[in-house]
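Taking it in order: structure first as structure tokens, then the write-up.
Just follow the structure's listing: the first ligand is 1, and inside any ligand the first atom is 1.
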Amino acid sequence: MDPNVRPDTMERITTPALAEKFIAEQVAAIKQQVQDKKVLLALSGGVDSSVVAALLIKAIGKNLVCVHVNHGLLRKGEPEQVIKVFRDEMNANLVYVDAVDRFLDKLAGVKEPETKRKIIGAEFIRVFEEEARKQKDISFLAQGTIYPDILESKDGVKAHHNVGGLPEDLKFELVEPVKLLFKDEVRVVGKALGLPDNMVYRQPFPGPGLGVRCVGAITRERLEVVREADAILREEFAANGLAGKVWQYFTIVPDFKSVGVNEKGERTEGYLVVLRAVNTRDAMTATVPELPFALLTHITNRITHEVKGVNRVAFDLTPKPTGTIEWE
Ligand code: XMP
């Protein structure tokens, strides 16, 4: 039997009871595979790696070494939440790496979107590799591979190894406890493992993070505008019952200033914040949901008054095609 093929007999995990059964089976399987050896995991705080972390903590406790790399392109509150949930509440062995300056210095002045992506991806591997070398006696690498990753890598759509690209001498045996699960099942398991809802039901977030939403060459100032405006948008979507209903929603800040006027009647030059919200099944095509106009004006008002340096907000009405979901 191919371990990378989901058996037809495998029941879809839709209930807490089925999740508990899966958890018990995986905890036993992990214990048997890993024994008393150490496992390394890149923990982003996304649902897949968080569920893998929680499963491994249950199975082997401190023999799991979680590495959380803060590349400076995460959303507001994310690194703090990873530390709170895993180090403080689950008592995990968590290495927090503040690599913010490293990433932002490498990205300074880089305008081209694919070059930005390559720099972020390559630097991530380098930081993770350095941490892996600091750790002693690691035998396994855990990954949050899920079934769609396996299906897509079979079709040649994408390479599924999240930290693929590690040098030969750091090629560990893999532990991939959720590799036969679909995303909705991973969420049911995450809930049963006690992970917070905003982690379990988190919207998709690209690997290069806010980096591709701070259009063109990233500056620290504009990155903060993206982050603060995104936090307001997420807060308002959550407060208005849209968080679980809209597939992905975020803010973009282009690299030019718009002319505006302040309450005293003085001319200003400030950033434009673009709101983006989309619904989709597979991210190949997407539609823009109809949102209450009063909510859009409320969000506009909050962003222009609460985020320093912003004088204009726009809402992107473009479906995919013709626009991609991200702006670059
Ligand atoms: P686009 O912009 O191509 O986005 O319509 C489709 C989905 O993919 C996400 N996305 C990425 N995810 N690395 C990722 O991990 C990337 O470089 C990347 N670019 C886009 C995007 O957020 C959307 O969900």
Winner among E328, K320, E326, R213 once heavy atoms are compared against atom 21 (C) of ligand 1 | E326
May I ask you to say whether K183 pairs ionically with D48, meaning some side-chain N is under 4.0 Å from a carboxylate O?
-> yes
For K76 and A231, work out which heavy atoms get closest and say how close.
-> CD-CB, 3.7 Å
Sidechain N-carboxylate O distance under 4.0 Å for E11, K21 | no
Just go through G211, A283, P113, P208 and tell me whose heavy atom is the nearest to atom 6 (C) of ligand 1.
-> A283
For ligand 1, which atoms sit closer than 4.0 Å to a heavy atom of G207?
-> 13 (N), 14 (C), 15 (O)
Residues E185 and R6 bridged, charged N to O under 4.0 Å | yes
Would a 4.0 Å cut-off, counted as strictly less than, catch a protein heavy atom around atom 8 (O) of ligand 1?
-> no
Which of the ligand 1 atoms, numbered from 1, are nearer than 4.0 Å to a heavy atom of W247 = 24 (O)
Atom 10 (N) of ligand 1: which protein heavy atom is closest, and how many Å away?
-> P206 CB, 3.9 Å
Does ligand 1 have a heavy atom under 4.0 Å from the side chain of R117, from its backbone, from both, or from neither?
-> side chain
May I ask you to check whether over 12 heavy atoms, not counting those of D2, lie within 6.0 Å of atom CG?
-> yes
Taking distance alone, with no angle check, do F205 and ligand 1 share an N/O pair under 3.5 Å?
-> no
Note: R220-D105 ion pair, threshold 4.0 Å (strictly below) = yes
D184 side chain to V186 main-chain N or O, any donor-acceptor pair under 3.5 Å?
-> no
May I ask you to identify the nearest protein heavy atom to atom 4 (O) of ligand 1, giving residue, atom name and distance to one decimal place in Å?
-> I325 CB, 3.8 Å
Look at atom 23 (C) of ligand 1 and say which protein heavy atom is nearest, naming residue and atom and giving the distance to 0.1 Å.
-> Q248 OE1, 3.4 Å
